[in-house]
> 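Before we start, here is the structure in question, set down as C-alpha cells.
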Amino acid sequence: MLDENIERLISRKLDGVLADSESVELDRAVLRSPEVRAALDAAARIDELARRALRDGIATPHAAPAVPPELSTDRLRRWHRSVAAGLLAAAASVILATGWQTLRPNGDAGVRTDAHTALDTGASAAGAAAPPFPAGKGWAERYAEVVNREVLGVYDDKTRSLYLLEIDRSHLRPVAVRASY
Amino acid sequence: MGTQPAVTIDFDQESLLLEAVAHADAQAMADLMRIHGRWIRGIILAAGVAPGDLEDVLQHVWMVVWREARRLEDASRWRGWVCSIARNSAADFLRRQARRRRGILSWLRTRRHDTTSRPAPSTEAVDASEEHEAVLQAIRSLPTIYREPFVLRHLEDWSYQEIGRTLGLPVDTVETRLVRARRLLRTRLEDKVSGHARRKHRASDQS
C-alpha cells in the first residue's frame, strides 16, 4: 500500500504541477523504494492509455456542426438590424458627449487622436437598443462593416459596457508616450 | 522616455460567445459547438453513455443550450451550466435506454453475430483493442465524482482550476479526486499494465 503523500506526488507529477521541492521528494522515494518506482511507471502507463482511449473514443466528427433547426433567418436579420441601430446610436451619443480626446505626452505638442473615439454601447449610452457585444471573428467583422472602420473592442465586465476604438490606420504610426489618467 | 505599462484587460471571450448565442447568433453557436464539443462529450461519456451514443446526447445538449441560453443570468458561469445540461441529458438518455433494454439486447445479439462473420484480427490488434476496451471499462467503473475530473483532465489536459470551474469544485477537491481515480484505476488495471510491461520486455529481449 502506497503512502498517500507519495500517491499525491505521483499524481501531481503526471499532471505537470509538481513543485521543485516535491520533485526532489518523489525522486528520493523512487530511488529508495522499488514499489514507488513501479507505482509511478504503472500510473504513467495508465495515464497514457486512458488519454489515448478517451480521445479515440470521443473522436470529434469532422463534419461541419449543424446549426440548430430552430434558427430563424428572420430572427437573425432582426437581431443584426437592432445591433447596427444600437451601435450607431451609441456612437452618435458618445461622440457628442465626450468630443475628441487629445493626449499630451511631456507637455509637448499634443498627439491628436482624431482616430480614437470611445463608444459605450452599454445601457447608459446606448439605451436598451444596444445588446452586449458578442465574441468571435465573425462578429468583429460584422461590427467593422457597420462603422466602416477597423475597430478594436474593449469590454468592461463591471458596467457591461463596450468601448470601441476606431482606427484609420493610414494616418497612424506607433509612438512611445507617457500618459496619466 | 519611459512608457506606461500596458493596461491588461480580462476579456472573457467565452462569456461573450454565450451572450451571442443567447441572442440567436448562428455563427456564435457554430463556434461554441466547434470549440467546446470535445469536453462536453467527455462529460457525457463520464456520465456513463457509450461512445457510440455520444453524438445523440450531444445534439440534445446543443438544442437545450440554443433554446435556453437567453435564460442564463451570469454568462461567466456558462461552463457549469452546460455541464449540468450535459449530465441531465446523459441521465435522461440512459433512463430511456434502460426502458428499451429488450430492444438493445436483441441488437447486441445481432451485432455479436456480425462480429463473428468478420475476418479474425491480428494478435497485436486484439491486444491493443482489448487494452483499449479494458481502460475505457475501468474508467467507466469509477464513481462519477472521480470519473468526471479524470475524463476532463485526460481528454482536454485541463488544469485543476479549469476542471474546478467547470464542475463547480474547489481546486483541492479536484486534485484529491484525481489522486483517488488514479489509485482505483491502478488497482483495476494492474494486470493489464504489468502484461504490457512483460510484452515490452519480451520484445526487447528478442531484438
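Lettering of chains follows the sequences in order, A, B, ..., and the numbering in each one begins at 1.
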> Examine whether an atom of B/L45 lies under 4.5 Å from a heavy atom of chain A, and if so say whether it belongs to the side chain, the backbone or both; otherwise answer neither.
side chain
> Closest heavy-atom contact between A/R52 and B/H132?
O-NE2, 4.3 Å
> Where do A/S11 and B/Y160 come nearest, in terms of heavy atoms and distance?
O-OH, 4.1 Å
> Name the region of B/V179, side chain, backbone, both or neither, that has any atom closer than 4.5 Å to a heavy atom of chain A.
both
> Passes side-chain contact (heavy atoms from CB on, under 4.5 Å), B/R182 versus A/E7? Steps please.
CA-CA 9 Å; B/R182 285 187 167 115; A/E7 273 191 317; over 6 Å; no
> List the atom of A/A50, the atom of B/H154, and the distance in Å for their closest heavy-atom pair.
CB-CD2, 4.4 Å
> Can you give me the closest heavy-atom contact between B/R186 and A/A43, atom names plus distance?
CD-N, 4.4 Å
> Counting only heavy atoms from other residues, nucleotides and ligands, does the tally under 6.0 Å from CG of A/D20 exceed 12?
no
> Would you check, one step at a time, whether the test side-chain contact (heavy atoms from CB on, under 4.5 Å) holds for B/W158 with A/D15?
CA-CA 9 Å; B/W158 276 358; A/D15 290 333; over 6 Å; no
> Over all heavy atoms of both residues, which pair between A/I46 and B/L185 is shortest? Give the atoms and the distance, please.
CD1-O, 3.8 Å
> Between B/D157 and A/R51, is the closest basic N to carboxylate O distance under 4.0 Å?
yes
> Would you mind checking which part of B/L155 comes under 4.5 Å of any heavy atom in chain A, side chain (CB onward), backbone (N, CA, C, O), both or neither?
both
> To the nearest 0.5 Å, how far apart are CZ in B/R38 and CZ in A/R55?
5.0 Å
> To check you understand the geometry: which heavy-atom pair defines the closest contact between A/L54 and B/V151, and what is its length?
CD1-CA, 4.0 Å
> Quick check on A/L2 against chain B: is it the side chain, the backbone, both or neither that has a heavy atom closer than 4.5 Å?
side chain
> Considering only heavy atoms, which portion of A/A39 lies under 4.5 Å from any heavy atom of chain B: side chain, backbone, both, or neither?
both
> Does a salt bridge link A/E4 with B/R180, judged by any charged N lying under 4.0 Å from a carboxylate O?
no
